[in-house]
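Both ligands and their constituent atoms are indexed starting at 1 by order of listing. Computed from heavy atoms alone, side chains included, the values below leave out hydrogens, waters and symmetry copies.
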Amino acid sequence: MEKIDWKNLSFGYIKTDYNVRCYYRDGKWGEVEVCSEETIPMHMAAVCLHYGQEAFEGMKAYRCPDGHVRVFRTEENAARMQATARGLLMPEVPTEMFNGMIDRVVRLNERWIPPYESGATLYIRPLLIGTSPQVGVHPSREYLFVIFVTPVGPYFKGGFSTNPYVITRDYDRSAPLGTGCYKVGGNYAASLKANQWAHEQGYSCEFYLDAKEKKYIDECGAANFFGIKDNTYVTPKSTSILPSVTNKSLMQLAEDLGLKVERRQIPEEELATFEEAGACGTAAVISPIERIDDPETGRSYVFSKDGKPGPISTKLFNKLIAIQYGIEPDVHGWTRVVID
Ligand SMILES: *Cc1c(COP(=O)(O)O)cnc(C)c1O
C-alpha cells in the first residue's frame, strides 16, 4: 500500500478494499455480500436515478489512543435512516443489520483507518437506493443497501477556528412539509446553487431561514445551528431540518455541563443576543461561526472578533471528541468498540 499523508487528506474519496451490500427483493432483505468492486451495475431506468428514491447516512470510525477502533451512536443513524426510508416509501434496514454491516466493513478495511495522531478518520457512508426499472412515478420494488468507507482528513487543518456565513433568501433547501427532516440527496441538489452563491461572496457556507416565513433560523448549509447565551444552549425546532446526532449529543453534554437547553423557534433578530454560535454535524463536530451576514438588511451578527471559538463551544467540542476517542468515560454508552 502506498504511503498516505493522512493529515492532508481532504473530505474526498479514496478507494479502500471492500464494501458490503445487501439486496431487497420479493419483499425481503437477502444475505449480506462483501464486495471489492466500487461500481454498482444499475438499470438506466432505476427509480433512484430519475425520481431520487435514495437515502444516505454518514458516520466515522475513530482509531483511539488506547488502540481500539470505536464508532459513535450508530443506532441513532440506523433509526434516522429508518425514518427516512418510511418517508420515501423504502424498506427499512433493521438496526441489527445496519450495525452488523458497519462493523464488518470497518474490520475489512482496518488498514485504511487513519492513525489517531493524524486527526483523520474513516468515514462510513451507508446508501439505500431504489433500483427497479420503471418510468412511472412509483416506489421501487427492489433496493440495494450498500456501505462503503473512505479515509477523510481532519476537518480543522489549521486548528479549531471560526467561519463566516451568509443568509440566503433566494433559495430554500427544504420546505416545512417537505423532505428536510430526511437525509436524502434531493435536499443537497436543492442546496448546490445557494452554496455556490455563498462561496462566490467569500463565505464558507449559506445560512437558511425557514422557507415559509423567512423569519426563523433553520440550518447552516448541511449542518444544524446552535447558539449560546446566558448559560443556555439554544437550537432551532423546525420540521424542515435534519435531526443531527451531533446536535442531540451536544444538547446532552450541555446539560451535563450545567447549561440549560432550549429547542425552539429562533427569530433571526435573536442572533444579535448570542455570545457564541456554531454549526454542528459529524464532519466537523462543531464548526464555530465567526459571523452571519444578512445582505438584505445589511445586518451582521458577530460571534467572534478574533477568529477564536467561544469558551463553551470549545468545551463542548473537546468533550465530545474525547468521548468519541475513548479518552473520557462514555457515561451515556454512546460508543461501540468495533476493533479491539
Ligand atoms: C447529516 C446532516 C446533518 C448532521 O447530522 P449528524 O448526524 O450530526 O452528522 C445536519 N444537517 C443535514 C442537512 C444533514 O444532512
Is the ring pair Phe160/Phe156 parallel, tilted or perpendicular, if the boundaries are 30 and 60 degrees?
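Taking Phe156 first and then Phe160, their aromatic rings stand perpendicular (interplane angle over 60°).
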What is the ring orientation for Phe56 with Tyr188, classed by angle as parallel under 30°, tilted 30 to 60°, or perpendicular over 60°?
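Rings of Phe56 and Tyr188: perpendicular, over 60°.
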Name the closest protein heavy atom to [atom], giving the residue it belongs to and the distance to 0.1 Å.
atom: atom 2 (C) of ligand 1; answer: Lys183 NZ, 2.5 Å
atom: atom 9 (O) of ligand 1; answer: Thr282 OG1, 2.5 Å
atom: atom 11 (N) of ligand 1; answer: Glu219 OE2, 2.7 Å
atom: atom 15 (O) of ligand 1; answer: Tyr188 OH, 2.5 Å
atom: atom 13 (C) of ligand 1; answer: Arg173 NH2, 3.1 Å

Going by distance only, is there an N or O of Val245 that falls short of 3.5 Å from an N or O of ligand 1?
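Yes - when backbone and side-chain N and O of Val245 are compared with those of ligand 1, one distance drops under 3.5 Å.
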Answer yes or no: does atom NZ of Lys315 have more than 12 heavy-atom neighbours from other residues, nucleotides or ligands under 6.0 Å?
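No.
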Enclosure of Lys308 NZ (heavy-atom neighbours >12, cutoff 6.0 Å)
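12 or below, so no.
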For the pair Gln82 (side chain) and Val93 (backbone), establish whether a donor and an acceptor sit closer than 3.5 Å, ignoring hydrogens and angles.
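Side chain of Gln82 to backbone of Val93: a pair is present.
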Side-chain (Asn231) to main-chain (Gly258) donor-acceptor, under 3.5 angstrom:
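Indeed, once roles are kept as given, a pair shorter than 3.5 Å links the two residues.
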Among Glu262, Glu276, Glu270, the one residue meeting salt bridge (Lys or Arg N to Asp or Glu O under 4.0 Å) with Lys229
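Answer after filtering Glu262, Glu276, Glu270: Glu270.
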Using a strict 4.0 Å cut-off to heavy atoms of Arg80, name the atoms of ligand 1 that fall inside it.
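Those of ligand 1 that fall under 4.0 Å from Arg80 are 5 (O), 6 (P), 7 (O).
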With a cut-off of 4.0 Å, which atoms of ligand 1 are near a heavy atom of Ala222?
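Counting atoms of ligand 1 from 1, those under 4.0 Å from Ala222 are 2 (C), 3 (C), 10 (C), 11 (N), 12 (C), 13 (C), 14 (C).
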Please state which part of Ala223 comes within less than 4.0 Å of ligand 1, counting heavy atoms only: side chain, backbone, both or neither.
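For Ala223, only backbone atoms sit under 4.0 Å from ligand 1.
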Can Glu57 be said to touch ligand 1, with heavy atoms closer than 4.0 Å?
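No, Glu57 has no heavy atom closer than 4.0 Å to ligand 1.
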